[in-house]
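Notes follow the structure.
Side chains included, hydrogens not; waters and symmetry mates left out as well; all remaining heavy atoms used. Labels below follow one simple rule: chain letters A, B, ... track the order of the sequence lines, proteins then strands, and each chain is numbered from 1.
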Amino acid sequence: MKEKVIVICGPTASGKTALSIELAKKINGEIISADSMQIYKEMNIGTAKPTIEEMEGIKHYLLDFVSPDQRYSVAEYQKDAKKAIKEILKKGKVPIIVGGTGLYVDSLIYEIQYPNIEFDEKYREQLEEIAEKQGLEVLYKKALEIDEKAMQKISPNDKKRIMRVLEIYHATGKTKTEQEIESRMQPIEYDYKVFAINWDRQVLYERINKRVDIMVEQGLIEEVKTILQKYKTFPTAMQGLGYKEVVDYIEGKYTKEEMIDKIKMETRRYAKRQLTWFRKNKQTTWLEGTNELQNNINIILEGANIG
RNA sequence: GGCUCGAUAGCUCAGUUGGUAGAGCAGGGGACUGAAAAUCCCCGUGUCAGUGGUUCGAUUCCACUUCGAGCCA
């Protein structure tokens, strides 16, 4: 009998934090974040990271533990998260995965295999250079020679994925397609019960707009300035919504009003992409955001067959 | 009050020498296996302001009306 792990996902500003903490209190659970930006230290306001008060004594894992100048990836996330699951189960508690990063969630619920390799900074730089000087189509053709099947799903404009196909081959000698076939053969270790929070789109967008205003009031700009002073390079952290826009504002690329509108718009689009991602998984149980917390908790308990 | 210009997609505008129209942005849908809050793909019918006239046919021409901008009194 596989052990149960609860997963709560949903778009940004959908109320995952409040729901998960109430649930954890009720079922003696602990929370593992699945959020690619809340992992970073000192990025608190812009990532809407739960505060100590909000946590109400519930232990949270994989929050606030990576320096913004460090690189982090799904492969590491999966390893860290599985370690946390083990730890929680060992204590006799229920692990609750909570987050909006679909890729991170999927790495767990589909038990995706990532061969143990080091990130090759040099090789990526080489690829970047080729893309810039000779054009992306050179890399695209190269990838096509290596893994024609994988390239059927990748656009000639999708630089990141083209580079990834090349990087996998470079690091492992295997193609991405071979890699994925092996990955699918792997049995899934836990019994993941997946829930997602849904809102009427208009209402969700209003919540997002309001949340962005609050972030700015709480000192988002100051937070970004502090981080920029303290660290030199940001391999991934400055991809965060709200952060790159504030940097552009500080550099005078647009006014404060324009910056705020841009963050709101980009966040709304992000929420839309998240919903697309979560809809894909057909076993997901959907919760209505407008429901009372207790009501949704009951749906989870019933759906997960707990309590 | 008179004159001029404008009114076309949610917004900004293009266009139709008369045969019912198209861009950008917004928005929607989708993809996603080591950067993922990233990256990429697809999607444009709207009383062409209203009413009447000319015409086989008007969003296009004409008249009036309404609204907006400007100029002159």
Side-chain angles (χ1 to χ4, degrees), chain A residues 9 11-13 33-40 43 46-49 66 68 70-80 99-121 123-125 127-128 131 136 140 147 150-172 174-186 201-202 205 208 211-212 215 233-246 261-281:
Chain A
C9 38
T12 187
S33 167
D35 186 301
S36 67
M37 288 296 144
Q38 291 183 1
I39 59 169
Y40 291 112
M43 291 170 57
T47 63
K49 196 182 287 172
V66 180
Q70 292 300 301
R71 196 177 279 281
Y72 192 78
S73 75
V74 213
E76 287 159 278
Y77 174 78
Q78 190 198 38
K79 212 185 294 170
D80 291 339
T101 303
L103 183 71
Y104 284 14
V105 172
D106 284 4
S107 77
L108 295 169
I109 66 177
Y110 299 126
E111 202 77 48
I112 291 164
Q113 295 304 111
Y114 302 102
N116 209 2
I117 51 165
E118 284 294 302
F119 173 74
D120 191 339
E121 194 92 50
Y123 186 64
R124 179 167 295 180
E125 276 168 24
L127 293 178
E128 287 281 3
L136 187 58
Y140 183 76
D147 190 347
M151 294 314 286
Q152 284 171 4
K153 288 184 80 173
I154 297 173
S155 154
N157 298 322
D158 198 340
K159 186 165 128 191
K160 285 194 179 184
R161 291 201 171 76
I162 293 170
M163 284 172 61
R164 184 87 267 274
V165 166
L166 298 173
E167 284 180 348
I168 290 173
Y169 187 70
H170 175 78
T172 65
K174 284 184 210 160
T175 67
K176 182 171 184 282
T177 301
E178 287 166 352
Q179 181 62 55
E180 284 177 20
I181 290 167
E182 281 176 36
S183 184
R184 292 215 175 82
M185 294 184 332
Q186 195 64 215
R201 191 64 64 90
Q202 276 316 307
Y205 284 0
I208 288 171
R211 172 134 119 182
V212 171
M215 283 176 181
T233 55
F234 306 94
T236 48
M238 276 301 146
Q239 289 182 162
L241 269 167
Y243 292 87
K244 49 181 181 289
E245 290 81 5
V246 172
D261 286 345
K262 185 101 196 295
I263 295 173
K264 287 177 180 172
M265 188 183 87
E266 294 296 343
T267 307
R268 279 184 248 127
R269 287 177 164 172
Y270 172 52
K272 183 167 108 70
R273 272 178 271 135
Q274 287 177 301
L275 286 166
T276 298
W277 189 296
F278 298 134
R279 271 187 223 124
K280 194 172 48 169
N281 184 348

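Atom-to-atom distance recorded for A:Arg268:CZ and A:Arg201:CZ is 11.5 Å, nearest 0.5 angstrom. Separation of atoms CD (A:Glu178) and CG (A:Asp147) is listed at 7.5 Å; rounding is to 0.5 Å.
Distance A:Arg164 CZ to B:A36 P: 12 Å, rounded to the nearest Å. If you take CG of A:Asp147 and P of B:U33, they are 12 Å apart, rounded to a whole angstrom. One atom, CD1 of A:Ile117, and another, C1' of B:A35, lie 14 Å apart when rounded to the nearest Å. For A:Arg71 and B:A36, the CZ to C1' distance is 13 Å, given to the nearest whole Å. The separation between A:Asp158 atom CG and B:U39 atom P is 10 Å, rounded to whole Å. Straight-line distance from the CG atom of A:Leu108 to the P atom of B:U33: 16 Å, rounded to whole Å. Counting to the nearest Å, the P atom of B:C32 and the CZ atom of A:Phe278 are 14 Å from each other. Taking atom CG on A:Leu136 and atom C1' on B:C41, their separation rounds to 15 Å, with Å as the unit.
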Walk me through it: do A:Glu266 and A:Tyr270 pass the test side-chain hydrogen bond (donor to acceptor under 3.5 Å, both in side chains)?
CA-CA 6 Å; A:Glu266 294 296 343; A:Tyr270 172 52; over 6 Å; no

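Of all nucleotides listed (B:C32, B:A35, B:C40), B:C32 comes nearest to the side chain of A:Lys153.
Under the Watson-Crick or G-U wobble criterion, with both distances below 3.5 Å, B:C61 is paired with B:G53. With a cut-off of 3.5 Å on both pairing distances, B:C48 has no Watson-Crick or G-U wobble partner at all. Taking a pair to require two hydrogen-bonding distances under 3.5 Å in either a Watson-Crick or a G-U wobble arrangement, B:U39 pairs with B:A31. Across all strands shown, B:A69 is found opposite B:U4 as a Watson-Crick or G-U wobble partner, with both distances under 3.5 Å. Using Watson-Crick or G-U wobble geometry with both donor-acceptor distances under 3.5 Å, B:A23 finds its partner in B:U12.
In terms of phosphate contacts, A:Asn157 brings a side-chain nitrogen or oxygen within less than 4.0 Å of OP1 or OP2 of B:C41. Regarding contacts with the backbone of B:A35, every side-chain N or O of A:Ser73 stays at 4.0 angstrom or more from both OP1 and OP2. Taking side-chain N and O atoms only, A:Lys280 has no distance below 4.0 Å to OP1 or OP2 of B:A31. For A:Tyr72, no side-chain nitrogen or oxygen approaches OP1 or OP2 of B:A35 to under 4.0 Å. Residue A:Arg161 places no side-chain N or O under 4.0 Å from the OP1 or OP2 atom of B:C32.
Taking atom P in both B:U12 and B:A7, one finds a spacing of 12 Å when rounded to whole Å. Taking the C1' atoms as reference points, B:C13 lies 14 Å from B:A26, given to the whole Å. One C1' atom belongs to B:A9, the other to B:G70, and the distance between them is 27 Å to the nearest Å. Taking atom C1' in both B:C71 and B:U16, one finds a spacing of 30 Å when rounded to whole Å. Taking atom P in both B:U45 and B:A21, the straight-line distance is 9 Å, to the nearest Å. Atom name P, nucleotides B:U59 and B:G1: the rounded distance is 31 Å, in whole Å. The P atoms of B:G27 and B:G68 are separated by 30 Å, rounded to the nearest whole Å. Going from the P atom of B:A63 to that of B:C42 covers 47 Å, rounded to whole Å.
Residue A:Tyr77 is classed as having no contact, given no heavy-atom separation below 4.0 Å to the nucleic acid. Using a 4.0 Å heavy-atom criterion, one finds that A:Gly242 contacts no nucleic acid atom at all. Counting any heavy atom pair closer than 4.0 Å across all strands shown, A:Tyr243 reaches no nucleic acid atom. Nucleic acid contact for A:Asp106: none, since no nucleic acid atom lies under 4.0 Å from a heavy atom of the residue. Residue-level contact check: A:Ile154 touches neither bases nor backbone, having no heavy atom under 4.0 Å from any strand. Residue contacts for A:Ser183: at a heavy-atom cut-off of 4.0 Å it reaches a base atom on one of the strands shown. Counting any heavy atom pair closer than 4.0 Å across all strands shown, A:Ser155 reaches sugar-phosphate atoms only and no base atom. Counting non-hydrogen atoms under 4.0 angstrom, A:Asn116 reaches a base of the nucleic acid. Using a 4.0 Å heavy-atom cutoff across all strands shown, A:Thr47 reaches at least one base atom of the nucleic acid.
The existence of a salt bridge linking A:Glu167 and A:Arg164 is confirmed by a sub-4.0 Å separation between a basic side-chain nitrogen and an acidic carboxylate oxygen. The pair A:Glu180-A:Lys176 meets the salt-bridge criterion, since a charged nitrogen lies less than 4.0 angstrom from a carboxylate oxygen. A:Glu121 has a carboxylate O that lies under 4.0 Å from a charged side-chain N of A:Arg71, or vice versa, which qualifies the two as a salt bridge.
Applying the 6.0 Å contact sphere to CZ of A:Phe234 captures more than 12 heavy atoms from other residues, nucleotides or ligands.
Smallest separation of non-hydrogen atoms from A:Ser107 and A:Tyr114: CB-OH, 3.5 Å. When all heavy atoms are compared, the tightest approach of A:Lys264 to A:Ile208 is O-CG2, 4.2 Å.
Counting only heavy atoms from C-beta outward, the side chains of A:Tyr72 and A:Ile39 approach each other to under 4.5 Å. Between A:Tyr110 and A:Asn281, the closest side-chain pair of non-hydrogen atoms falls below 4.5 Å.
At a cut-off of 3.5 angstrom, counting only N and O atoms as typed in the model, there is a donor on one side and an acceptor on the other between the side-chain of A:Arg184 and the base of B:U33.
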List every contact pair, protein side and nucleotides 25-28 of chain B side both N or O, where the distance is under 3.5 Å.
unit_1: B:A26; atom_1: OP1; unit_2: A:Arg269; atom_2: NH1; d: 3.4
unit_1: B:A26; atom_1: OP1; unit_2: A:Arg269; atom_2: NH2; d: 2.5
unit_1: B:A26; atom_1: OP2; unit_2: A:Arg269; atom_2: NH2; d: 2.8
unit_1: B:A26; atom_1: O5'; unit_2: A:Arg269; atom_2: NH2; d: 3.4
unit_1: B:G27; atom_1: OP1; unit_2: A:Arg268; atom_2: NH1; d: 3.0
unit_1: B:G27; atom_1: OP2; unit_2: A:Arg269; atom_2: NE; d: 3.2
unit_1: B:G27; atom_1: OP2; unit_2: A:Arg269; atom_2: NH2; d: 3.4
unit_1: B:G28; atom_1: OP1; unit_2: A:Arg201; atom_2: NH1; d: 3.1
unit_1: B:G28; atom_1: OP1; unit_2: A:Tyr205; atom_2: OH; d: 2.7
unit_1: B:G28; atom_1: OP2; unit_2: A:Tyr205; atom_2: OH; d: 3.3

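The 5' end of RNA chain B is approached more closely, in terms of each residue's nearest nucleotide, by A:Tyr114 than by the other of A:Tyr114 and A:Gln38. When each of A:Gln113 and A:Leu241 is assigned the nucleotide of RNA chain B bearing its nearest heavy atom, the one mapping closer to the 5' terminus is A:Gln113.
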